[in-house]
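Structure first, commentary second.
Remember, predicted model here, so these are calculated numbers, not experimental data. One-based numbering, in listed order, for ligands and for the atoms of each. We count residues from 1, following the sequence as given.
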Amino acid sequence: MQQLSCPRCSKEKVFEVPFFGKDERDKLVKLKIKSSILLVKELIQSFKLSHSTSKFIAAHINKTNGKCHRCNYSSLDGKNIICPKCKSLNFNWN
Ligand SMILES: [Zn+2]
Ligand SMILES: [Zn+2]
């Protein structure tokens, strides 16, 4: 588990995020592209995460590698990275 927060949403809210393997990350990104609701369900059911943690993860996964889920910044480099432009946390897993 790693403790993560998003400076853009709230620095005070810290979430316990598990380390996902490559296959798991691929699956979660595919779900995100399909439906955020299905993604939240999957995180709750398969990973036994709380609803709030699952929503936090689902909201911050980006669909396109390098591209911020929130703004138009597109040079994100790293797996869990804060966008330098809008300060949103990105799970840049694609
Ligand atoms: Zn955020
Ligand atoms: Zn951004």
Worksheet item: Is the distance between the Zn ion (ligand 2) and the nearest N/O/S atom of H69 smaller than 2.8 Å?
Response: no

Worksheet item: Are F91 and F20 close enough that their ring centers fall under 6.0 Å?
Response: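 No, the ring of F91 stays outside the 6.0 Å limit from the ring of F20, centre to centre.
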
Practice prompt. Could you grab the angle centred on the Zn ion (ligand 2), going from SG in C68 to SG in C83, to 10°?
Written response: 110°

Discussion item. Looking at D26 and K30, is any side-chain nitrogen of the basic one under 4.0 Å from a carboxylate oxygen of the acidic one?
Written reply: no

Worksheet item: Rounded to 10°, how big is the angle at the Zn ion (ligand 1) from H60 NE2 to C9 SG?
Response: 110°

Discussion item. Could you check whether any side-chain N or O of E24 sits under 3.5 Å from a backbone N or O of G21, counting only pairs where one atom can act as donor and the other as acceptor?
Written reply: yes

Worksheet item: Does one side chain, of W93 or N62, offer a donor that lies under 3.5 Å from an acceptor on the other?
Response: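 There is no such pair (donor and acceptor under 3.5 Å, judged by atom type) between the side chains of W93 and N62.
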
